[in-house]
Amino acid sequence: MNTPKRYLITAALPYANGLKHIGHLAGAYLPADIYVRYLKAQQRDVVFVCGSDEHGTAIPIQATKEGTTAQAIIDKYHPIIEQNFKDLGIAFDIYHRTSDPLHHETASAFFKNLEAKGDLETKTSEQYFDEAANTFLADRYIKGTCPSCGHKEAYGDQCEKCGKTLSPEELINPVSTLSGQAPIKKETTHWYLPLNRHEDFLREWILKEHANDWRPAVVGQCKSWIDGGLQPRAVTRDLDWGIKVPVKGSEGKVLYVWFDAPIGYISATKQWALNNNKDWSPYWNDKDTKLVHFIGKDNIVFHCIIFPVMLKLNGHILPENVPANEFMNLEGDKMSTSRGWSIEMDDYINKWIKKENGGDGLADSLRFYLTSIAPESKDSEFTWKGFQESVNGELVSIFANFVNRTWVLMHKLCNGKVPPFHTELIAAEAVSDNATDSFKGMIDAVKESKERITHLLEQYKFREAQFELIDLARKGNQYMQKQEPWIVAKTLDQNPDAQKIIDNTMHCCLQLCANLAILAQPFIPFTAKKMCYMMKVVDKMLEWENAGKFDLLKVGYTLRAPELLFRKIENEEIEAELAQLQANVAAKKTTMENTTATTEPTKDNSLKPEIVFDDFGKIDLRVGTIIEAKKVEKADKLLELLVDLGFEQRTILSGIAMHFKPEEIVGKQVTIVANLAPRKMRGIESKGMILMAEDAAGKLYFVQPSEAIAAGSTIA
RNA sequence: GGCGAGGUAGCUCAGUUGGUUAGAGCACAGGAUUCAUAACCCUGAGGUCCCGGGUUCAAAUCCCGGUCUCGCUACCA
C-alpha cells in the first residue's frame, strides 16, 4: 500500500440547531479523531475539517417559534458545539461554519461552475405559494394533516409525529405557517442535479472498485439506491435563509442545504489554509490526497452518491473511504433529543468532566467506552452500567493499575529512577513460548501489538484496535506477576545481586508504560499527556515510530510520583444518571404538553378552515361493527376489515395493523365515514373510513358509542 | 411486500479464500497473591454457530427456503 502524500479527513457537519449527543460523537467525531491522531503521530500531512451546518429550513422555523432570529440560533449553538468537541478532545484543525462569507463564496462558485458546464438541469413545476406573504413556501413552511398518522401539525417534508417523509402535496389541508392561510399553487423554476446521468460511474466506482474495501453496509445501502434508479435532485429552494442562487433572475431562491453543506468541507479547508499560510488546493484536487469522510449511516446517500457526483463534476478528488457507523442506542431505546432520551455531550461535560472530582480523565473514560462499543458493524447500545464496567474493569483495573503499580514499585525498589538493565541476565533468560515470561518476549509483544493496532486503525477498526491496547497492558500485568519484584526484594538481604533482577523487571515495565502512552494517544489523548508528565518526557515521544522501542526512558532518569490516571465510577453515580434520564423524559413530556396548551393561538391557526353546517351535513357517519379482520398481504400497516352497517356489510381498509391484532378487534363497534368515495389500496377496494383517536403517545383508540347500539345507527 | 445489513457462550463481539477439539473480553465458580484504585495473576465451567434443506471427503463459512432484529422504501382516506 502506497502512503498518500496528504490526508483530508472530514467529520459530518453538525446541524447548528441544538446540542449534539454522544451518539453523534461515537458515530463520526470520535472515530475520525482517533484516525487523525494516529495519522499525525505518524507525521503524516493531514488536515481534519469540520464545522457547523447553519442553513436549512429548520433553523428559521425554530427561530420563529422561539421568537428570535436564525442568526441568533446559530450564533448560540455554534460556539457551544465547538467547545463541547474541544472538551472531549476532538481536535479539529478547523471548525468552520457555513454562514461564513468564505463558504458562501465557495458554494456559489461551485454552483456557477456546474451551471455553466451544463451539469445542472432546470425544471419548472407548481409549488405552494403564500399570497399574503408574497413568497413561495419551502416544505417546512407548510403544515397540514399528516396523511400517514393524522397528526395535524405535520410539516411539508416530514411528520415529526410518525417520522414519515412527506412532500407538501401529500398534506391534507395545507396551511402556510407564515400567514396561516391556505397556500395556492404557482409555477416556479428550480435547478436539479441529474444524478441519473451518473449511474454508470457510481456503479463502477462503488459497486466494483470499492466492493471490498468499503464497509458492507455502506456498499449495500448504495447498491440499494442505485438499483432503485437515481432521479434528478433539486439543488435550489424558494427560501431566504441560505446561500443565494448566484444566477440572474433567481431572487428568493437559495441553494438547497444538502448542496451547500458538504461544500462546507472545502470552504473549511480554505479557511484553514488561510489561517496557516498554506495552499488548500492540493487537498481537494491532487490525486495523491486521501480523502475520508466519517459519518453516521443516515448520511450515506449524501457522502457516497450525491457529493461524489458533485466533486467529480467540479474536478475534485473522490473519497477513498466513507466509514459510516451504524446507530448507538441508549438503555434499550433509540436516542432522541426531543424525547429527552439521550445524553448530550454538553450534559456529560458539565456533570462529569467539569465537576470537582472530574477532569480530563473522564473525557477519556467516555471516549474509551464509546470506542469499545463503537457501532462499526451493527447498532450498539450505550448503558450506564456498561460504562461503569468498562471503565472500572478495563481502563482502571488493567491499564491504569499497571501504570500505577509500576510507578509505585519503581519508587519503592529503584529510588524513583529508571533502573539500568543488565544484559547478561537477559541473555540468560530461559526460552519460552509465552511472551509474558521474559524481557525479550515483552519486547516482541509490544512490537506485535503496535503492528496489529496500526493495521486495525488503517482499516477503521477502532474498537478492535483499542482492545489490543488494553491487551498489551494486560500482558504487562502478567509479566510483572510472573517476575514478582516485591518478592525478589525480600531476598536482597542474602543476595544483593537480586537488585539486578528487580532492575530488569522494572526497566521493562517502565519502557512498556512509555509504549502504552504512544499507542494509547489516539484513543485517550488526555491520559497519554498525563503519562508524559509522569515520565517527564516531551510530547514528541508520542510519535508513532517510537512505539516498539525499549530505550524511550533513559536509565538513571528521575520520574515523578505516581498519579492515578482514572477514577472509578461509583454505583451511586450510575443510578443518578439513570434517574436523570427518566426525569428528562418526563420533563420533555410535560414541556411538550405545556407548549401545546400554552400556544392556543397557533393551534387555532392550524385548525382546518371553517366549514358551514351544510358541509358537515355532507358527511354520513355511521356506527358499524367489525365482523371480520385480517392483515392485508404485502402491507405492514393495513388491515382489511369487514364491517356490518346493518343494511349492508362492506370492506374497509385501515392503516392500524401496527396497533391492533386482527383477532382482538373483531366485534368492536366503530365510527365509519360511510359515504366516502371508494379507494383502492394494495389492489383491494376500501369503501369508507374508520375514525380513530390518537393520544400524545401515538396510541390509537376507536371512536365508538358509549354503549353498544344497533349497527348502522347514524351519527350527527 | 421490495432492497440493504445483521442473528455465534448469560452479555459485548472476533472468526480471513470452506479444513483438527468454534475463539476473546466481561460476568460467574474455584485457587493463588499483596507491589497496586479489594485492583492483579492462574484454573475452570459455559455454544443445536437462528431454523430447515442442499452442494462437498469436509459448512459458522457456499447455495436455496423460512424466521427474527435494525435501516431505507411501499402501503395508511
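What you are looking at is a predicted structure, and each value in this text was computed from that prediction instead of being measured. Only heavy atoms go into these numbers, but all of them, side chains included; no hydrogens, no water, no symmetry mates. Below, read A as the first sequence line, B as the second, and so on, with proteins coming before strands; counting in each chain starts at 1.
Between the side chains of A/Gln459 and A/Asp213, no donor-acceptor pair of N or O atoms lies under 3.5 Å.
If you check every strand for non-hydrogen atoms under 4.0 Å, A/Ala400 touches a base. At a threshold of 4.0 angstrom between heavy atoms, the contacts of A/Phe467 are confined to the sugar-phosphate backbone, with no base atom among them.
Remark: A/Ser390 is not in phosphate contact with B/G25, judged by side-chain N or O atoms under 4.0 Å from OP1 or OP2. Note on A/Lys568: a side-chain N or O is less than 4.0 Å away from OP1 or OP2 of B/A39. Regarding contacts with the backbone of B/A5, every side-chain N or O of A/Gln221 stays at 4.0 angstrom or more from both OP1 and OP2. For A/Arg474 and B/A39, the shortest distance from a side-chain N or O to OP1 or OP2 is not below 4.0 Å. In this structure, A/Lys385 does not reach the B/C26 phosphate: none of its side-chain N or O atoms is under 4.0 Å from OP1 or OP2. Taking 4.0 angstrom as the limit, A/Arg463 places a side-chain polar atom (N or O) nearer than this to OP1 or OP2 of B/A14.
Comparing B/G25, B/U34, B/A36 against the side chain of A/Glu394 picks out B/G25 as the nearest. Closest to the A/Glu389 side chain, of the nucleotides B/C26, B/U37, B/C40, is B/C26. Checked against B/C76, B/C35, B/C40, the side chain of A/Trp486 finds its nearest nucleotide in B/C35. Taking the side chain of A/Arg405 as heavy atoms from C-beta on, and the options B/A36, B/C3, B/C13, the nearest nucleotide is B/A36. Listed nucleotides: B/C70, B/G7, B/U34. Nearest to the side chain of A/Lys334: B/C70. Distance from the side chain of A/Asp379 is smallest for B/C70 among the nucleotides B/C13, B/C70, B/C40. Distances were taken from every side-chain heavy atom of A/Ser377 (C-beta onward) to each of B/A14, B/A5, B/A39; the shortest belongs to B/A14. Checked against B/C26, B/U37, B/G71, the side chain of A/Leu564 finds its nearest nucleotide in B/U37. Here B/C35 is the nucleotide among B/U37, B/C35, B/U8 with the atom lying nearest to any side-chain atom of A/Met480. Counting only heavy atoms from C-beta on, A/Gln478 has its side chain closest to B/C41 among B/C35, B/C41, B/U37.
For B/G30, the paired nucleotide is B/C42, the pair qualifying as Watson-Crick or G-U wobble because both relevant distances are below 3.5 Å.
Between the C1' atoms of B/G7 and B/G66, the separation comes to 14 Å (whole Å). Using P as the reference atom, B/C49 and B/U61 are 10 Å apart when rounded to the nearest Å. Of the C1' atoms belonging to B/U8 and B/C50, the separation is 10 Å, rounded to the nearest Å. Taking atom P on both nucleotides, B/G54 is separated from B/C3 by 26 Å, rounded to a whole Å. B/C42 sits 23 Å from B/A22 when the P atoms are compared, rounded to a whole Å. Between B/C11 and B/U17, the two P atoms lie 28 Å apart (nearest whole Å). The gap from the P atom of B/A59 to that of B/G53 amounts to 14 Å, rounded to the nearest Å. Nucleotides B/C41 and B/A36 have their C1' atoms positioned 12 Å apart, rounded to a whole Å.
Regarding A/Met506, its CE atom lies at a distance of 8 Å from the C1' atom of B/C35, rounded to whole Å. Summarising the geometry, the separation between CD on A/Gln388 and C1' on B/U37 is reported as 14 Å, rounded to the nearest angstrom. Atom CG in A/Asn325 sits about 14 Å away from atom C1' in B/A5, given to the nearest Å. Atom CD in A/Glu376 sits roughly 14 Å away from atom P in B/G6 (whole-Å rounding). Distance, A/Lys297 NZ to B/C72 C1': 10 Å, rounded to whole Å.
Ring geometry for A/His21 versus A/His24: interplanar angle under 30°, hence parallel rather than tilted (30 to 60°). Taking the six-membered ring where the residue is Trp, A/Trp205 and A/Trp214 present perpendicular rings, their angle passing 60° and hence far from 30°.
Checked against the 6.0 Å centroid threshold, A/Phe421 and A/Phe439 count as a close aromatic pair. A/Trp352 has its ring centre less than 6.0 Å from the ring centre of A/Phe387.
Remark: A/Arg474 engages A/Asp471 in a salt bridge, criterion side-chain N to carboxylate O under 4.0 Å.
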- Query: When you look at A/Thr371 and A/Ile34, which way does the side chain to side chain contact (heavy atoms under 4.5 Å, CB included) test go after all the steps?
  - Reply: CA-CA 9 Å; A/Thr371 299; A/Ile34 292 170; 3.5 Å; yes
